[in-house]
Amino acid sequence: MPELPEVETIRRGLEKKILGKRVNKVEINTDRMVKEPSPKRFKEEVEGKKFTQVIRRGKYLILGLSSGKKIVVHLRMTGQLIYGNKDGKNRVSFLLSNSKYLNLKDSRHLGEIRLVKNWERISSLAKMGMEPLEDSFTLKLFGGMLNKKKAKIKPLLMNQEFLAGVGNIYAQEALFKAGIHPEKQAYRLKRDQMKSLFSEIKKVLNRAIEYKGTSLASYVDADGRKGSFHSRLRVYGRGGEPCVKCKTPLKFIKIAGRGTTFCPKCQK
DNA sequence: CGGGGCTCCTGTGCGC
DNA sequence: TGCGCACAGGAGCCCC
């Protein structure tokens with residue numbers, strides 16, 4: 001479900017709502033989503049602590065607690081983290097000191113939640129690539145990264161060890177904007193294509209954050225509201241429709257098992 | 001190293 | 001209308 005812009009939108013919402021609030025009670029209804037420690041210890045160690053920070057790294061949310069430990073959440077495909085009232089379908093819910101709830105929902109329960117001392121040591125986070133919206137992510141670095149890779153550009157962009165937070169929607173959108181074929185091998189990109197892709201990645205992610213994310217099926221922000229970037233999508237979910245630039249029907253193919261839509265004329 | 005296939009799950013939408 | 005199948009925004013694993 002959520003990629004960087006959706007997770008960032010949730011982060012911003014949560015920061016306003018839960019910072020400084022204490023967790024009075026934790027209720028765990030789906031044990032398997034709590035990866036560490038045991039559900040029992042998770043509950044014991046979180047109850048009574050205050051939320052002190054809300055960080056995003058890639059598609060992960062990291063909720064700092066007054067004990068120094070962090071709750072680390074990955075929403076995967078259908079996870080939602082919503083601040084509000086109690087309702088029946090929560091995998092995990094936190095009753096806060098103001099009598100509101102922070103509810104983790106997830107119809108497919110592929111999501112993960114854990115309590116750790118050092119989030120940087122979780123292996124997927126330890127290996128995670130650069131944050132595309134940070135100033136430290138430069139064209140020079142990006143070019144160097146691309147030149148080392150023979151992989152197809154689209155799955156490469158989605159590889160979290162290569163770049164943090166880009167998923168199936170925004171990889172396709174950025175490649176369309178940059179006019180690059182999703183199966184092009186990374187090291188074969190021309191200098192100007194690298195430059196264009198670099199700026200389109202930043203642009204599409206920033207724009208999607210402005211629109212509070214893309215809501216296709218289940219994504220909602222921390223207040224349970226849908227994002228509106230859906231209307232701005234140019235290729236994702238538009239297979240067969242005319243390209244907005246040249247009217248050629250958009251093509252839908254599978255690359256590394258993931259659905260991919262692109263314009264066969266505009267993207268080379 | 002790259003990539004294909006499978007897995008974890010449930011919900012939805014499509015074609016017959 | 002009903003049924004079965006393909007597919008879904010993610011990502012780890014095994015295998016070649």
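Chain identifiers are assigned alphabetically (A, B, ...) following the order of the sequence lines, protein sequences preceding nucleic acid strands; residue numbering begins at 1 within each chain. Computed from a predicted model, the values in this text were never measured in an experiment.
A:K226 places its NZ atom 16 Å from the P atom of C:dG9, with the value rounded to the nearest Å. The interatomic distance linking A:E161 (CD) with B:dG2 (P) rounds to 11 Å, in whole Å. When rounded to the nearest whole Å, the span between NZ of A:K105 and P of B:dG11 equals 13 Å. The distance between atom OH of A:Y187 and atom P of B:dC1, rounded to the nearest whole Å, is 16 Å. If you take CD1 of A:I169 and P of C:dA8, they are 12 Å apart, rounded to a whole angstrom. We find that NE2 of A:H230 is positioned 13 Å from P of C:dG9, with the value rounded to whole Å. Atom pair A:H109:NE2 and B:dC8:P shows a separation of 12 Å (rounding to whole Å applied). We find that CD1 of A:I255 is positioned 17 Å from P of C:dA11, with the value rounded to whole Å.
The nucleotide whose nearest atom lies closest to any side-chain atom of A:K150 is, among C:dG10, C:dG9, B:dG2, B:dG2. Nearest nucleotide to the side chain of A:L110, out of B:dG4, C:dG9, B:dC8: B:dC8. Looking at the side chain of A:E3, the nearest of the listed nucleotides B:dG4, B:dT10, C:dG9 is C:dG9. Among the nucleotides C:dG9, B:dG11, C:dG10, the one closest to any side-chain atom of A:S107 is B:dG11. For A:N168, the listed nucleotide lying nearest its side chain is C:dG10; candidates were B:dG11, C:dG10, B:dG2. The nucleotide whose nearest atom lies closest to any side-chain atom of A:R76 is, among C:dG12, B:dG2, C:dG10, C:dG10.
Salt bridge annotation for A:R12-A:E15: absent, with no cationic side-chain nitrogen under 4.0 angstrom from a carboxylate oxygen. Comment: A:E112 engages A:R114 in a salt bridge, judged by a side-chain N to carboxylate O separation of less than 4.0 angstrom. At a threshold of 4.0 Å, the pair A:E27-A:K86 counts as salt-bridged, since one of the basic side-chain nitrogens sits closer than that to a carboxylate oxygen.
Comparing the same atom, P, in B:dG4 and in C:dC7 gives a spacing of 16 Å after rounding to whole Å. One C1' atom belongs to C:dT1, the other to B:dT10, and the distance between them is 23 Å to the nearest Å. One P atom belongs to C:dG9, the other to B:dC14, and the distance between them is 16 Å to the nearest Å. Spacing of C1' atoms, C:dA11 relative to B:dT12, comes out at 22 Å, to the nearest Å.
In this structure, A:K43 fails the cation-pi test against A:F94, since its NZ or CZ atom is not both closer than 6.0 Å to the six-membered ring centre and inside 45 degrees of the ring normal.
For B:dG3, neither phosphate oxygen OP1 nor OP2 lies less than 4.0 angstrom from any side-chain nitrogen or oxygen of A:K152. Taking only side-chain nitrogens and oxygens, A:K149 never comes nearer than 4.0 Å to OP1 or OP2 of B:dC1. One finds a side-chain N or O of A:H74 lying less than 4.0 angstrom from the OP1 or OP2 phosphate oxygen of C:dA11. Residue A:K59 has a polar side-chain atom (N or O) positioned under 4.0 Å from OP1 or OP2 of C:dA11. A sub-4.0 Å separation between OP1 or OP2 of C:dG9 and a side-chain N or O of A:Y170 is absent. Taking side-chain N and O atoms only, A:R258 has a distance below 4.0 Å to OP1 or OP2 of C:dG10.
If you check every strand for non-hydrogen atoms under 4.0 Å, A:G167 touches sugar and phosphate atoms only. Contacts of A:K254 with the nucleic acid, taken as non-hydrogen atoms under 4.0 Å apart, involve only primed sugar atoms and P, OP1 or OP2. Residue contacts shown for A:F229 are absent, as no nucleic acid heavy atom lies under 4.0 Å away.
Not one N or O on the side chain of A:N24 forms a donor-acceptor pair closer than 3.5 Å with the backbone of A:L95. Without hydrogens or angle criteria, A:R11 side chain to A:V54 main chain gives a donor-acceptor distance under 3.5 Å.
Between A:F137 and A:F198, the ring-plane angle classifies as tilted under the 30° and 60° cut-offs.
When both pairing distances are held under 3.5 Å, C:dG9 makes no Watson-Crick or G-U pair with any nucleotide shown.
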